[in-house]
Amino acid sequence: MANLLWLQGGACSGNTMSFLNAEEPSACDLVTDFGINVLWQPSLGLELGDDVKAILEKCISGEIKLDIFVFEGTVIDAPNGTGEWNRFCGRPMKEWVKELSEASDFVVAIGDCATWGGIPANAPNPTDSKGLQFLKRAKGGALGEGFTAKSGLPVINIPGCPAHPDWVTQILVAVATGRADDLTLDEFQRPKTFFSSFTQTGCTRNMHFAYKVSTTAFGQRKGCLFYDLGCRGPMTHSPCNRILWNRQSSKTRAGMPCLGCTEPEFPFFDLAPGTVFKTQTVMGVPKDMPTGVDKKGYVKLTAAAKGAAPAWAEEDIFVV
Amino acid sequence: MADQQTASAEAQVNYKEKYGVTPSQADHATLLRMIEDHFQEGLKTLVEPFPETDREFAKILDNLRTMSADDLRKKLIESGWLLEPYGEDEMRCQECMYYLVHRRWCDLPELNLPAEPDWWCRLWRI
């Protein structure tokens with residue numbers, strides 16, 4: 001039996017909604033098959049008010065053993081470092097987060113907001129939001145760079161806007177069943193099992209990427225979304241095309257450019273007209289190359305690929 | 001808007017007299033001929049300024065979107081169309097993201113015109 005507590009800070013509840021849609025395993029499976037005892041969760045907990053507070057206090061005192069502390073949403077520091085803009089159970093949420101993190105064996109940050117601040121932490125960041133151990137790419141966050149939970153692991157970051165439900169439940173199962181030692185984390189403390197490959201890995205448009213044929217308008221099923229419509233699939237670490245959404249699709253499969261939501265810089269653009277859903281270029285060359293590719297190599301590859309492209313690459317081959 | 005419609009109507013009349021069809025009615029070969037004839041008649045296009053930022057790029061696209069398929073001459077001018085490669089790097093349609101090499105076609109929706117591999121315009125992207 002592993003006790004799990006889930007709290008929300010500066011959040012839209014999107015990750016809770018995602019979590020409740022998990023299938024492999026489902027949220028129910030966590031309880032019935034993997035022995036996770038959900039002490040409290042904002043959308044599932046039955047307790048209200050002082051009863052919730054009592055659970056939190058018992059976790060901090062050790063009266064209830066806290067195995068896994070899950071946090072969704074940003075840690076809000078405003079105003080003036082007090083955190084008063086996000087109060088919960090009679091005190092700033094940031095204080096609960098700090099004490100519960102120190103009391104827990106494992107701390108898991110779910111979604112971009114909890115991992116690195118996400119959308120709320122974008123300039124001018126009026127709520128002084130930050131993630132648990134990162135603010136965007138900078139280490140530190142609310143708990144500090146050196147923080148480790150009782151298990152010795154730092155915060156396990158599962159980013160995404162939202163995170164895929166099965167990333168969440170599979171990591172929770174690994175931790176709850178004593179397999180946390182099997183987890184290896186990347187430089188942003190993301191489990192490598194999910195975040196070593198790219199969104200592009202498994203994308204059905206890869207052949208169009210290879211032959212440099214672009215999707216030039218939404219609704220086209222031919223072409224690659226990277227060249228013109230701002231897709232960040234080639235430089236975003238996520239398994240979105242390996243572990244499909246709703247078991248059947250992904251953004252790029254549905255014709256929607258990847259927004260890079262598992263990376264610390266998300267959202268990437270200044271949201272000014274002409275910058276969203278448009279590949280940013282300098283003198284006609286993409287500003288952000290596919291990871292590991294330099295400009296000279298990219299230009300050479302383009303010339304070779306266009307020259308070698310077969311006729312079918314220019315057609316819509318996904319005919320109903 | 002009225003001026004644009006008038007200009008568009010004039011262009012249609014001229015194309016119709018010369019080719020028997022307007023650009024929107026023309027086939028691939030006829031459109032190519034229309035483009036080449038414009039340049040033989042001395043057409044100068046807005047090769048520069050090259051859109052260095054995406055906002056500048058978007059502005060050109062916005063201008064092109066106001067033009068009908070029959071506004072061929074205006075489209076060529078606005079897009080900075082050339083019948084030869086451009087710049088030190090010899091940029092050309094062949095390597096452009098919008099170019100369909102087998103169909104010999106510019107697939108950028110705002111242009112949607114036939115093109116030869118060694119041509120170029122300032123909306124070139126790789």
Side-chain angles (χ1 to χ4, degrees), chain A residues 208-220 222-231 268-290 293-316, chain B residues 28 46-66 69 75 79-82 85-126:
Chain A
H208 299 289
F209 177 83
Y211 290 121
K212 307 287 177 187
V213 175
S214 178
T215 306
T216 53
F218 284 106
Q220 293 176 356
K222 77 153 177 65
C224 174
L225 299 156
F226 164 71
Y227 299 119
D228 197 35
L229 297 184
C231 181
F268 285 84
F269 306 128
D270 59 11
L271 305 184
T275 64
V276 180
F277 297 136
K278 197 73 187 168
T279 302
Q280 307 295 291
T281 58
V282 179
M283 301 299 282
V285 180
K287 274 183 197 162
D288 294 326
M289 293 285 173
V293 177
D294 65 20
K295 183 183 166 188
K296 195 178 277 184
Y298 181 83
V299 172
K300 283 181 184 169
L301 181 65
T302 301
K306 295 284 274 189
W312 57 256
E314 297 176 359
E315 306 296 332
D316 178 5
Chain B
H28 190 281
L46 296 170
V47 173
E48 291 175 348
F50 190 90
E52 292 186 27
T53 67
D54 288 283
R55 291 187 195 187
E56 292 166 1
F57 190 94
K59 181 76 176 72
I60 296 172
L61 292 184
D62 285 344
N63 293 341
L64 286 167
R65 286 188 195 113
T66 66
K75 276 185 170 187
S79 65
W81 198 281
L82 282 182
Y86 178 78
E88 285 179 19
D89 295 334
E90 297 270 291
M91 294 182 280
R92 56 187 190 144
C93 294
Q94 170 73 23
E95 282 83 33
C96 177
M97 275 310 128
Y98 300 121
Y99 190 60
L100 300 177
V101 291
H102 290 276
R103 290 174 55 193
R104 296 195 166 218
W105 192 268
C106 174
D107 203 30
L108 178 66
E110 287 79 4
L111 287 176
N112 204 26
L113 291 169
E116 294 294 345
D118 284 330
W119 293 359
W120 178 86
C121 83
R122 63 175 174 159
L123 294 168
W124 182 89
R125 289 167 85 108
I126 193 168

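So you know, we letter chains A, B, ... as the sequences are listed, proteins then strands, and number each from 1. Side chains included, hydrogens not; waters and symmetry mates left out as well; all remaining heavy atoms used.
Between chain B and the residues A/Lys212, A/Lys287, A/Met283, the most heavy-atom pairs under 4.5 angstrom are made by A/Met283.
B/Glu95 places no side-chain N or O within donor-acceptor distance of the main-chain N or O of A/Lys306, the cut-off being under 3.5 Å. Within the 3.5 Å criterion, the main-chain N or O of A/Trp312 finds no donor-acceptor partner in the side chain of B/His102.
Side-chain contact between A/Thr216 and B/Met97: absent, with no pair of heavy atoms (C-beta onward) separated by less than 4.5 Å.
Proximity to chain A (any heavy atom under 4.5 Å) is shown, for B/Leu123, by neither the backbone nor the side chain. Looking at A/Lys295, neither its backbone nor its side chain comes within 4.5 Å of chain B, counting heavy atoms on both sides.
Annotation: the span from A/Glu315 atom CD to B/Arg103 atom CZ amounts to 6.0 Å, rounded to 0.5 Å. Note: A/Thr279 OG1 to B/Ile126 CD1 = 13.0 Å, rounded to the nearest 0.5 Å. A distance of 5.0 Å separates CZ in B/Arg125 from NZ in A/Lys278, rounded to the nearest 0.5 Å.
Shown here for A/Ser214 and B/Asp107, the closest heavy-atom pair between the two residues is O-OD2, 4.5 Å.
More than 12 heavy atoms of other residues, nucleotides or ligands shown are found within 6.0 angstrom of CG on B/Asn112.
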